[in-house]
Amino acid sequence: MAGPNASLTHCLALAQQAMEQDGDALSRTLTELQCALLALDGERDARGNAAHNPHPLSQASATEPVITMDLTGYVTGWNHSAEQLFGYTQVEALGRHILFLQAEDDTTTVLPQLSPGQGPTYMKVRRRRKNGEVFWTGISLSLICDDQGHPVAIAGHLSEIPEGLSSHDKMRLHARIIEETDQCIMITDAEDIIVSVNAAFTRVTGYSAAEAIGRTPDLLRSGAHDESFRRLVRAAMHGAGPWHGEIIGQRKDGTLFPQSVTIDAVRDDAGNVTHAFSMFTDISGDKQAAEQIERLVNYDNLTGLPNGRLLNQLVGQAIATSARHQGYGGLIVVDLNRFTAINEGLGHGVGDAVLCEVAKRFRSVLRDADVLSRTGSDEFVVALFDIQKREHCGTVAEKLLATLRLPFEVDANDIYVSACAGIAVYPEDALNAPTLLRLADVTMKRCRQQGECNYLFYSPEMNERAKEHIKLESDLRRALNANGADLPQLALHYQPKVSLRNGRIVGAEALLRWAHPEHGPISPVRFIPLAEETGLILELGAWVLEEACRQISHWKTAGLTPPPIAVNLSARQFDRDLPLRMQQVLEHHGVGADELKLEITESLLMGGTDVMLVMNELVAMGFALALDDFGTGFSSLSYLRRYPISTLKIDRSFVVGVPHEENDCAIARAIVTMGQQLHQEIVAEGVETPEQMHFLRELGCDQLQGYLFSAPLGPPWSWRQPRRCGLAWRNLSARPGLEVPETWAVRRPAGS
């Protein structure tokens with residue numbers, strides 16, 4: 001009969017297979033052989049009892065769990081061992097489909113196809129006991145045939161597969177894994193003493209187990225981390241919770257290496273920390289690869305400058321920041337003219353050398369915060385972030401183009417390069433990086449079509465403003481150079497300061513005026529910020545100091561005794577050499593430090609220790625310091641208390657609303673009160689009405705300055721009415737309410 005012969009052949013094959021195996025494979029084969037033999041035994045019993053017992057195994061007493069089913073899978077036999085394995089009695093199991101034993105996480109939903117003459121089919125499945133417990137079992141399925149060889153039933157012989165390992169096997173397996181893993185493992189006890197390291201630890205750090213055990217983890221300390229960082233690591237080792245991060249370690253040979261580290265503590269059954277483990281990996285190779293990839297992706301290989309991809313990221317971030325702070329910025333696309341001719345005529349090596357030199361020249365005229373990138377073969381892009389005025393983009397473009405005027409010396413060749421530039425600014429022109437770059441590129445091409453090696457703004461209005469900006473800068477430079485000529489353009493005018501206590505003129509502020517030969521008077525509001533932006537303020541400031549001291553000397557020679565003259569100083573002038581320059585000017589003109597008062601802006605107070613040292617040195621020389629436009633910047637009481645400021649000037653923007661605007665009155669009152677508490681003199685600027693004067697006098701303001709008393713006036717010898725020369729520095733008669741006397745001849749003089 002085919003069935004028993006096939007089963008016997010299958011058993012013999014399994015026995016032969018087992019002779020060639022060991023370990024887990026041998027165990028599986030022996031289990032399968034055992035099931036096959038039981039199935040073969042079941043077939044023999046079934047053949048003898050099939051005619052008399054429809055459920056041949058229902059009364060079986062085999063020690064192996066055996067289940068019989070009809071050909072569709074419904075249980076027809078259930079022996080005592082099956083009852084013990086699953087917990088279901090024979091009565092509960094008979095008549096139910098075999099899949100009622102299936103566990104929820106098992107994917108077997110149908111019985112395998114069995115054929116007469118086929119050996120037993122072995123399966124490893126998940127089954128569920130009556131109490132809900134899920135376990136692994138091996139089941140060997142075989143057909144039961146009648147005397148004619150027709151299948152009449154299915155026999156299933158089961159054996160439970162134990163889960164997990166013994167404690168000894170687990171320890172051996174874990175030790176093997178720890179020793180062979182690529183991760184470095186270091187175990188310390190509760191006193192931070194190293195008790196175990198693995199082979200990877202030795203390979204990476206250079207310390208053998210004998211050298212490391214008994215020492216503390218400080219043997220890997222590099223000194224790259226501060227004490228707060230080390231406290232975090234120690235806290236994790238002592239049970240504060242798992243910690244993961246990067247640590248710079250030091251190998252035995254002294255080299256440093258970055259490591260990705262996981263640290264946690266081990267506790268006993270009582271919850272006490274007994275050990276800590278550190279698992280780390282040397283990631284120096286990963287970091288180098290990441291840096292190399294980043295450089296390839298984000299930087300130009302030739303010049304080392306950021307490429308277009310990185311530029312878009314940086315500009316996008318800058319625009320988002322600018323939107324929050326309402327700032328300005330812009331992109332300048334600079335394209336070199338006829339650069340292809342250099343490559344074709346002199347070779348790509350020469351062309352590459354020129355491009356590198358262009359990058360160096362461009363970088364030399366930019367701020368550290370500005371981004372210079374190369375986005376094409378002969379195209380550079382400059383990103384300007386956080387600029388005060390949009391016109392500043394034009395100033396920078398002019399500087400960039402100016403760097404190309406000198407030839408490039410490469411391989412004994414003098415190579416001349418010119419360029420065109422296009423400018424787009426945000427937020428006016430665009431609010432995203434790709435659009436801004438496209439507009440700047442379009443503008444550059446429009447500039448090239450005009451045939452000029454110049455620059456253009458995307459907005460026509462910005463072009464006009466930029467041209468005016470550049471022309472004004474050029475005119476201001478000429479004014480400085482022409483000031484020793486017969487018709488000087490720059491002059492100092494003096495606006496008196498009047499005491500509210502006795503009505504006397506107690507000082508005057510020197511104010512710079514520019515008489516343009518074509519456009520007439522140019523407001524300081526226009527040219528002072530331009531001078532600050534372009535650096536001309538250093539020359540202007542030096543000229544103002546010289547001229548003020550020269551005028552004081554002239555007045556003294558004429559027999560007049562002028563009160564202290566206040567001169568405004570720019571933050572750019574305030575360096576460590578300022579006291580020396582001041583001393584040289586005073587000595588040159590024979591003027592004393594007490595005859596000048598130096599007015600500074602609030603931004604200087606943010607300068608830190610160097611500014612304080614310079615201020616103290618100036619005060620030691622005899623200068624008095626006044627804080628101009630107080631209330632418009634970021635001063636605080638701590639700054640006023642720390643710096644040697646003797647005078648506060650209330651900005652005209654707070655004076656214009658008194659006594660009618662409640663907020664302006666409150667601010668003026670607060671400034672006067674604060675100044676009095678700090679024993680500082682208070683001067684109010686921009687006083688134009690008697691009502692303002694009366695209000696400020698009642699507050700306790702010390703001095704007033706404004707058109708109510710006098711506009712800024714030219715030097716005495718240029719006044720048209722001679723009597724004004726004598727009146728300029730004489731005392732005013734003090735009257736109740738400080739009425740302005742009729743003899744105050746310099747009140748709004750004609751032509752001033």
Side-chain angles (χ1 to χ4, degrees), residues 24 105 126 133-136 162-294:
D24 293 341
D105 58 353
R126 297 277 282 173
E133 181 185 352
V134 175
F135 64 99
W136 284 102
E163 293 192 58
L165 301 168
S166 67
S167 297
H168 177 73
D169 289 340
K170 280 185 179 180
M171 290 180 62
R172 185 175 61 182
L173 179 61
H174 292 171
R176 185 76 176 269
I177 291 172
I178 289 173
E179 190 61 26
E180 294 186 1
T181 182
D182 287 337
Q183 280 208 323
C184 305
I185 297 178
M186 176 178 66
I187 301 174
T188 57
D189 62 16
E191 280 71 42
D192 296 341
I193 302 299
I194 299 174
V195 296
S196 179
V197 296
N198 66 348
F201 177 95
T202 298
R203 186 173 61 254
V204 170
T205 67
Y207 290 100
S208 67
E211 292 171 319
I213 293 175
R215 301 178 64 180
T216 70
D218 281 346
L219 87 161
L220 301 180
R221 182 180 174 187
S222 65
H225 303 288
D226 58 22
E227 185 58 33
S228 61
F229 183 88
R230 297 180 63 210
R231 279 198 297 270
L232 286 175
V233 173
R234 285 197 297 270
M237 295 175 65
H238 294 161
W243 182 87
H244 179 75
E246 290 187 9
I247 296 178
I248 302 298
Q250 180 171 282
R251 307 183 208 271
K252 182 179 177 181
D253 62 7
T255 59
L256 304 184
F257 69 104
Q259 47 186 299
S260 177
V261 186
T262 298
I263 299 173
D264 204 354
V266 179
R267 300 177 184 272
D268 59 19
D269 294 339
N272 301 315
V273 174
T274 61
H275 295 83
F277 65 88
S278 301
M279 303 174 61
F280 61 90
T281 305
D282 180 1
I283 58 174
S284 54
D286 296 340
K287 280 189 171 295
Q288 291 169 1
E291 290 171 359
Q292 180 67 17
I293 291 172
E294 181 184 8

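Across all non-hydrogen atoms, the minimal contact from Arg267 to Gly239 is NH2-O, 2.9 Å. In terms of heavy atoms, Ile263 sits closest to Met237 at CG2-CG, 3.5 Å. Heavy atoms only, all atoms of each residue included: Gly241 and Asp264 are closest at C-OD1, 4.0 Å. Between Thr202 and Ser208 the shortest heavy-atom distance is OG1-CA, 3.7 Å. When every heavy atom of Cys184 is checked against every heavy atom of Ala200, the shortest pair comes out as SG-O, 3.3 Å.
For the atom pair CG of Asp268 and NE2 of His275, the computed distance is 10.5 Å after rounding to the nearest 0.5 Å.
Side-chain atoms of Thr274 come within 3.5 Å of backbone atoms of Val266 as a donor-acceptor pair (strictly under, hydrogens ignored). A donor-acceptor pair under 3.5 Å is formed between the side chain of Thr205 and the backbone N or O of Phe201. Of the possible polar contacts, one joining the His244 side chain to the Val261 backbone as a donor-acceptor pair under 3.5 Å is found. Side chain of Ser222 to backbone of Leu256: no donor-acceptor contact under 3.5 angstrom is found. Of the possible donor and acceptor atoms, none in the side chain of Arg234 sits under 3.5 Å from a partner among the backbone N and O of Asp192.
Residues His225 and Ile248 form a side-chain contact, since some pair of their non-hydrogen atoms from C-beta on lies under 4.5 Å apart. Between Phe257 and Val204 the shortest side-chain heavy-atom distance falls below 4.5 Å. With a 4.5 Å cut-off on side-chain heavy atoms, Leu220 and Phe280 count as touching. The shortest distance between side-chain heavy atoms of Met186 and Phe277 does not fall below 4.5 Å.
Asp282 pairs in a side-chain hydrogen bond (donor to acceptor under 3.5 Å, both in side chains) with only one of the listed residues (Gln183, Gln259, Arg251), which is Arg251. The only member of Val195, Ile194, Ile193, Asn198 that meets side-chain contact (heavy atoms from CB on, under 4.5 Å) when paired with Ile187 is Val195.
Environment of CG in Asp182: sparse, with no more than 12 heavy atoms of neighbouring residues, nucleotides or ligands closer than 6.0 Å.
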